[in-house]
Amino acid sequence: MAQQKTILRALAGETLPTPPIWMMRQAGRYLPEYRATREQAGDFLKLCYNPELAAEVTLQPIRRYGFDAAILFADILLLPQALGADLWFVTGEGPRLSTITTPEELGRLKPVADIHETLNPVYETVKILAQELPKETTLIGFAGAPWTVATYMIAGQGTPDQGPAHALKAANRPLFEGIMHRLTEGTIAYLSKQIEAGAECVKLFDSWAGSLQGDDFTEFSIKPMQRITAALKEKHPGIPVIAFPRGAGTKYAGVHGATGADCVAVDDGVDAVWVADHVQKDGCVQGNLASSHMVTGGQGLVDETRRICDALSGGAHIFNLGHGITPEADPANVQLMIDTVRGG
Ligand code: CP3
């Protein structure tokens with residue numbers, strides 16, 4: 001049967017006259033309606049685990065802007081929490097977790113089969129969204145890629161250079177690989193359940209792939225994403241996968257083939273003209289307007305949006321930012337971006 005949803009058509013490799021569009025962190029603090037629902041939930045984690053409210057914030061940017069895709073409202077750090085790590089968010093600073101740096105701590109994590117006890121509300125959110133989304137809107141599920149999630153589990157927080165994870169990788173390779181293995185298996189189980197609940201595509205966020213040098217990039221970003229993609233496609237034939245090894249630079253070339261992903265999301269550290277020649281030739285690409293344009297707006301936003309659309313008009317393209325929209329963004333600039341993409 002012919003596929004009607006524009007995002008799924010682009011993911012299948014079709015070149016469309018107007019690229020479909022969605023935005024990383026489209027449900028977020030730049031929207032007053034998000035802030036109100038988050039207030040109602042109490043805090044960010046309570047919002048993630050409340051299916052009705054999580055579905056509500058997922059739908060808010062669809063109602064306001066009519067994006068072509070909705071991304072499940074959750075967080076990449078729910079998986080470590082489901083594996084038994086403590087997780088909390090410090091307002092204005094970000095996530096904190098109990099750390100995993102010894103074999104004993106790894107041994108105390110829960111088996112992958114037990115993660116669903118914690119994650120069931122997330123699958124409930126997906127089920128609600130599968131019912132409530134407009135028929136033309138694609139529902140995207142997601143997880144963090146193992147390396148990125150491991151950097152938070154090892155350091156217990158976000159880090160500018162992922163130093164603690166690199167140090168553990170150097171000091172105790174078997175332990176580091178044990179953490180990566182558990183996360184890879186957990187991610188397969190987590191995303192499988194999202195797909196069973198109604199996710200039509202899944203995205204792997206490897207936000208810190210850029211700090212993996214040389215062979216480490218292949219070993220710890222590409223290979224885990226390849227393994228997850230292959231396992232999901234075996235269980236759920238045809239499920240499209242988006243891989244996002246953020247900060248990969250010239251190593252974005254070849255990521256489609258190496259991971260088996262249908263689409264490679266690119267950040268704004270690489271130029272769209274380069275992306276067309278070196279990445280899009282292998283399949284659909286997603287990206288890559290700098291999120292700062294959502295703060296600054298104006299003619300700069302319009303010009304750069306048009307330039308990216310032109311550069312990537314010769315192949316399959318899903319328009320997005322290069323990274324998540326920030327809380328300081330002006331909602332009117334999001335509308336200007338959408339109007340520019342759709343109206344020329
Ligand atoms: O994109 C979406 O709209 C879907 C929901 C989503 C969130 N986080 C909600 C969120 C997704 C896909 C994520 C992914 C995520 N979470 C990543 C990978 C993408 C990236 O940004 O690089 C990472 C590294 C995390 C971990 C995380 N969650 C951090 C570091 C923070 C704090 C930084 C910040 O922006 O505050 C979060 C919190 C978070 N996750 C918020 C949202 C909307 C803000 C929380 C709030 O409402 O206070």
Side-chain angles (χ1 to χ4, degrees), residues 21-50 53-62 64-65 67 69-81 85 87-97 122 125-126 129 139-153 155-160 162 165 183 187 190-191 194 199 201-211 221 242-248 265-269 286-287 291 294 320-329 334:
I21 178 169
W22 68 280
M23 193 174 70
M24 283 185 269
R25 291 277 168 99
Q26 62 190 21
R29 286 161 293 182
Y30 74 105
L31 286 180
E33 59 268 38
Y34 169 84
R35 295 195 297 270
T37 309
R38 180 169 169 253
E39 181 91 13
Q40 192 190 335
D43 66 35
F44 173 66
L45 281 175
K46 287 190 184 130
L47 180 53
C48 289
Y49 288 117
N50 181 320
L53 295 184
E56 166 59 23
V57 292
T58 306
L59 290 164
Q60 285 169 350
I62 309 304
R64 186 191 266 257
Y65 297 114
F67 283 117
I71 183 159
L72 163 69
F73 189 83
D75 198 82
I76 66 165
L77 300 177
L78 303 188
L79 178 62
Q81 187 175 36
L87 171 68
W88 67 103
F89 281 79
V90 179
T91 309
E93 290 184 32
R96 295 288 182 274
L97 298 92
V122 177
T125 307
V126 176
L129 289 166
L139 177 54
I140 302 176
F142 75 93
W147 161 249
T148 289
V149 179
T151 66
Y152 288 95
M153 289 182 87
Q157 61 184 68
T159 47
Q162 297 75 60
L183 287 171
T187 303
Y190 181 37
L191 290 177
Q194 291 184 26
C201 160
V202 293
K203 178 168 175 183
L204 290 166
F205 285 89
D206 213 351
S207 302
W208 298 119
S211 76
S221 180
I242 304 173
F244 182 36
R246 188 169 72 93
V266 289
D267 64 89
D268 51 282
Q286 178 181 281
S291 48
M294 296 301 101
N320 205 307
L321 301 178
H323 198 197
I325 189 168
T326 55
E328 313 78 58
V334 176

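Computed from a predicted structure; not experimentally measured. Keep in mind that the numbers below use all heavy atoms, side chains included, and drop hydrogens, waters and symmetry copies. Note that ligands are numbered from 1 as they come in the structure, with each ligand's atoms numbered from 1 the same way.
- Among Glu93, Glu39, Arg29, Arg246, the residue whose heavy atom lies nearest to atom 34 (C) of ligand 1 is Arg29.
- Nearest-residue assignment for atom 24 (C) of ligand 1 (options Phe73, Phe205, Tyr152; heavy-atom criterion): Tyr152.
- Interatomic distance, Leu72 CG to Lys203 NZ, rounded to the nearest 0.5 Å: 13.0 Å.
- Of all protein heavy atoms, the one closest to atom 11 (C) of ligand 1 is Phe142 CZ, 3.6 Å.
- Residue contacts with ligand 1: Ala27 is included, with a non-hydrogen atom under 4.0 Å away.
- Numbered from 1 in the order shown, with element, the atoms of ligand 1 that lie under 4.0 Å from a heavy atom of Gln26 read 3 (O).
- In this model, a donor atom of one side chain and an acceptor atom of the other lie less than 3.5 Å apart for Gln162 and Ser211.
- Neither the backbone nor the side chain of Lys203 comes within contact range of ligand 1; no heavy atom lies under 4.0 Å.
- Scanning the protein for heavy atoms near atom 39 (C) of ligand 1, the closest one is Phe44 CZ, 3.5 Å.
- Heavy-atom separations between Trp208 and ligand 1 are all 4.0 Å or longer.
- The residue from Leu183, Leu204, Asp206, Leu77 that alone fulfils the side chain to side chain contact (heavy atoms under 4.5 Å, CB included) condition with Thr148 is Asp206.
- Contact analysis puts Phe89 in contact with ligand 1, with a non-hydrogen atom separation below 4.0 angstrom.
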CA sep, side-chain torsions, deciding dist, call: Arg64, Glu33, salt bridge (Lys or Arg N to Asp or Glu O under 4.0 Å): CA-CA 10 Å; Arg64 186 191 266 257; Glu33 59 268 38; 2.9 Å; yes
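- An N or O contact shorter than 3.5 Å links Arg25 to ligand 1 by distance.
- Note on ligand 1: Met23 sits outside its first shell, no heavy atom being nearer than 4.0 Å.
- Side-chain atoms of Asp75 do not come within 3.5 Å of backbone N or O of Leu78 as any donor-acceptor pair.
- Ligand-side atoms of ligand 1 in range of Ser207: 18 (C), 19 (C), 20 (C), 22 (O), range being under 4.0 angstrom from any heavy atom.
- Close N/O approach between His323 and ligand 1 is found [any backbone or side-chain N/O within under 3.5 Å].
- Using cut-offs of 30° and 60° for the angle between ring planes, the Phe205 and Phe142 rings count as perpendicular.
- The residue among Phe244, Trp22, Tyr34 with a heavy atom at the shortest distance from atom 47 (O) of ligand 1 is Tyr34.
- Shortest contact from atom 14 (C) of ligand 1 to any protein heavy atom: Ile76 CG2, 3.7 Å.
- One N or O on the side chain of Asn320 and one on the backbone of Trp22 form a donor-acceptor pair closer than 3.5 Å.
- Using a distance-only test at 3.5 Å, with no hydrogens or angles considered, no donor-acceptor pair links the side chain of Gln26 to the main chain of Gln60.
- For the atom pair Thr37 OG1 and Leu53 CG, the distance stands at 6.5 Å (nearest 0.5 Å).
- Looking only at protein heavy atoms, the nearest one to atom 46 (C) of ligand 1 is Arg38 NE, 3.4 Å.
- A heavy-atom separation below 4.0 Å is found between Ala74 and ligand 1.
- Heavy atoms of Leu72 found under 4.0 angstrom from ligand 1 belong exclusively to the backbone.
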Stepwise ring-ring contact (aromatic ring centres under 6.0 Å, His included) test for Tyr34 and Phe73: CA-CA 11 Å; Tyr34 169 84; Phe73 189 83; 5.7 Å; yes
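- Contact annotation: Pro95 has at least one heavy atom less than 4.0 Å from an atom of ligand 1.
- Although no hydrogens or angles enter the test, the distance criterion places a donor-acceptor pair under 3.5 Å between the side chain of Trp147 and the main chain of Trp208.
- For the pair Asp267 (side chain) and His323 (backbone), a donor-acceptor distance under 3.5 Å is absent.
- Protein heavy atom in closest approach to atom 28 (N) of ligand 1: Asp75 OD1, 2.7 Å.
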